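The structure appears right after this line, and notes come after that.
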Amino acid sequence: MEDFTVSSSKPTGRFAPTPSGRMHLGNIYTALAAWLCAKSRGGKFLLRIEDLDPVRCPRTFADQILADLEWLGITWDNAEIPYQSERTAIYEKYYRQLKDNHFVYPCFCSRAQLHVADAPHAADGRVVYAGTCRRLTAEEVREKRRQRHPAARLILPDTDIQFTDGHYGPQSYNLARDWGDIIIRRSDGVFAYQLAVTIDDGLMGVTQVVRGSDLLSSSAPQLFLFRTLGFTPPRFLHLPLLITPDGARLAKREKAVDVGFLRQQFPSPEPLIGYIAWLAGQLPKPEPIKVTDLLPLFDHKKIPGHDIVIPGNYWENLK
Ligand code: GLU
């Protein structure tokens, strides 16, 4: 298997949180792993705020993320932090490029139309768009435009995308089967995650993307976009998720994983960092440690192969 760390040059990693609330244990774990992956090899680590949706992502949440990362000791190397909400003109330029090359078409389907019972689904349960609006005539498009503002979809071809994930190994997705045409701009004009993340990683010179395995399959349309827009794609390493004992993903609403709650419990971040590093296979015991002391120890091959269960009362044992 291709080794994630084999590369002559120093990596540029990043953490790209969506500030739709305060960080939770899962976000800290992702940030820490991404930081260690880049910094343990003398690379750069960039922070970007993915606040594309202005309603879900008020600036106060982003400010809180910066403060919480500082508290944890997770530093970033970019003096200017890109906020996606301020980069619309940049996305617009690449969007035009895709449009001019006939990769984009308007979609008028409502949410209800997309979720009809016989809609095709990908292996992970996502609805795969059946391509309904791709077949509209120019006349039909004109007519529909009078009634509804369309979203914009990117045509994804019937092509296999293969890559080697740094944690999960060789991956293969068929864009048409596993994704279908994706929305790259919502009907309210907001650019979609898949487009913005690719442009930003491309422009920021990111060479290494470390993030949760819920985004593993997203790497396929992103790789397609990297190539189509002329960027060099990064390498990907997806992390097993932190889950509750009943198998659910950690949610921001759970008090015991919220960093605000955790900061009330712990005067310093070291017990928490040590616990997460232990969960991530980097320490033999959950002992208090500073992020910088993890740098010489870090080995991405020690990250467990399966999702990681967090007991409800975990924080009580760390005190
Ligand atoms: N903004 C995304 C999130 O917070 C992560 C995007 C990425 O790492 O590619 O879930």
Side-chain angles (χ1 to χ4, degrees), residues 4 11-38 44-59 61-66 68-69 74 76 78 81-87 91 124 126 161 163 165-168 171 173 179 182-184 186 190-226 229 231 233-243 249-253 257-259 300 303 307:
F4 186 68
T12 298
R14 49 67 154 185
F15 178 52
T18 299
S20 58
R22 193 110 185 225
M23 290 206 291
H24 63 68
L25 202 67
N27 308 117
I28 304 175
Y29 153 75
T30 304
L32 180 64
W35 186 85
L36 288 169
C37 258
K44 272 201 294 203
F45 184 70
L46 308 178
L47 179 64
R48 176 173 75 236
I49 300 294
E50 301 211 320
D51 58 347
L52 281 171
D53 187 329
V55 181
R56 279 179 61 226
C57 303
R59 190 54 76 101
F61 285 153
D63 293 345
Q64 194 69 66
I65 289 179
L66 306 193
D68 288 335
L69 287 173
I74 296 179
W76 53 93
N78 44 334
I81 299 171
Y83 284 74
Q84 289 189 327
S85 58
E86 294 169 357
R87 292 166 68 77
Y91 307 140
D124 62 4
R126 253 177 318 102
I161 298 277
F163 64 98
D165 184 75
H167 185 68
Y168 289 97
Q171 304 292 312
Y173 293 91
W179 278 92
I182 54 169
I183 290 191
I184 53 168
R186 297 187 337 202
V190 172
F191 285 104
Y193 160 71
Q194 303 289 5
L195 181 69
V197 77
T198 308
I199 295 170
D200 285 342
D201 282 337
L203 292 177
M204 291 168 76
V206 169
T207 64
Q208 171 182 280
V209 167
V210 176
R211 61 188 177 191
S213 64
D214 51 327
L215 291 169
L216 180 62
S217 68
S218 283
S219 307
Q222 289 170 19
L223 281 167
F224 174 77
L225 274 166
F226 278 117
L229 297 174
F231 294 118
R235 288 181 178 211
F236 293 100
L237 185 149
H238 288 83
L239 301 162
L241 300 179
L242 303 190
I243 56 173
R249 285 193 57 189
L250 293 188
K252 285 185 182 165
R253 60 181 178 280
V257 294
D258 176 87
V259 71
H300 75 90
I303 298 170
D307 286 350

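From a predicted model like this one, the values you see are computed outputs, not experimental measurements. Both counts, for ligands and for their atoms, begin at 1 and track the order of listing.
- Of all atoms in ligand 1, numbered sequentially from 1 with element shown, those under 4.0 Å from a heavy atom of R14 are 7 (C), 8 (O), 9 (O).
- Nearest non-hydrogen protein atom to atom 5 (C) of ligand 1 is A16 O, 3.4 Å.
- There is no side-chain donor-acceptor pair under 3.5 Å between S219 and Q171.
- Each of the atoms 1 (N), 2 (C), 5 (C), 6 (C) of ligand 1 lies under 4.0 Å from some heavy atom of E50.
- Listed by atom number, the atoms of ligand 1 under 4.0 Å from V197 heavy atoms are 9 (O).
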**Message:** Under the criterion ring pair (Phe, Tyr, Trp, His ring centres under 6.0 Å), I'd like the reasoning laid out for F45 against F15: C-alpha separation, chi angles, the key distance, then a yes or no.
**Reply:** CA-CA 8 Å; F45 184 70; F15 178 52; 7.1 Å; no
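- W179 contributes a side-chain N or O that, together with a main-chain N or O of S217, makes up a donor-acceptor pair within less than 3.5 Å.
- Distance alone, capped at 3.5 Å, places no donor-acceptor pair between the T198 side chain and the F226 backbone.
- Among all protein heavy atoms, the one lying closest to atom 3 (C) of ligand 1 is T18 OG1, 3.5 Å.
- Applying the 4.0 Å criterion to heavy atoms of R211 picks out, from ligand 1, the atoms 7 (C), 8 (O), 9 (O).
- Short contacts between ligand 1 and Y193, defined as distances under 4.0 Å to a heavy atom of the residue, involve ligand atoms 6 (C), 7 (C), 9 (O).
- With 3.5 Å as the limit, one finds a donor-acceptor pair spanning the side chains of H238 and D165.
- Comment: R56 does not engage D51 in a salt bridge, judged by the lack of any side-chain N to carboxylate O separation of less than 4.0 angstrom.
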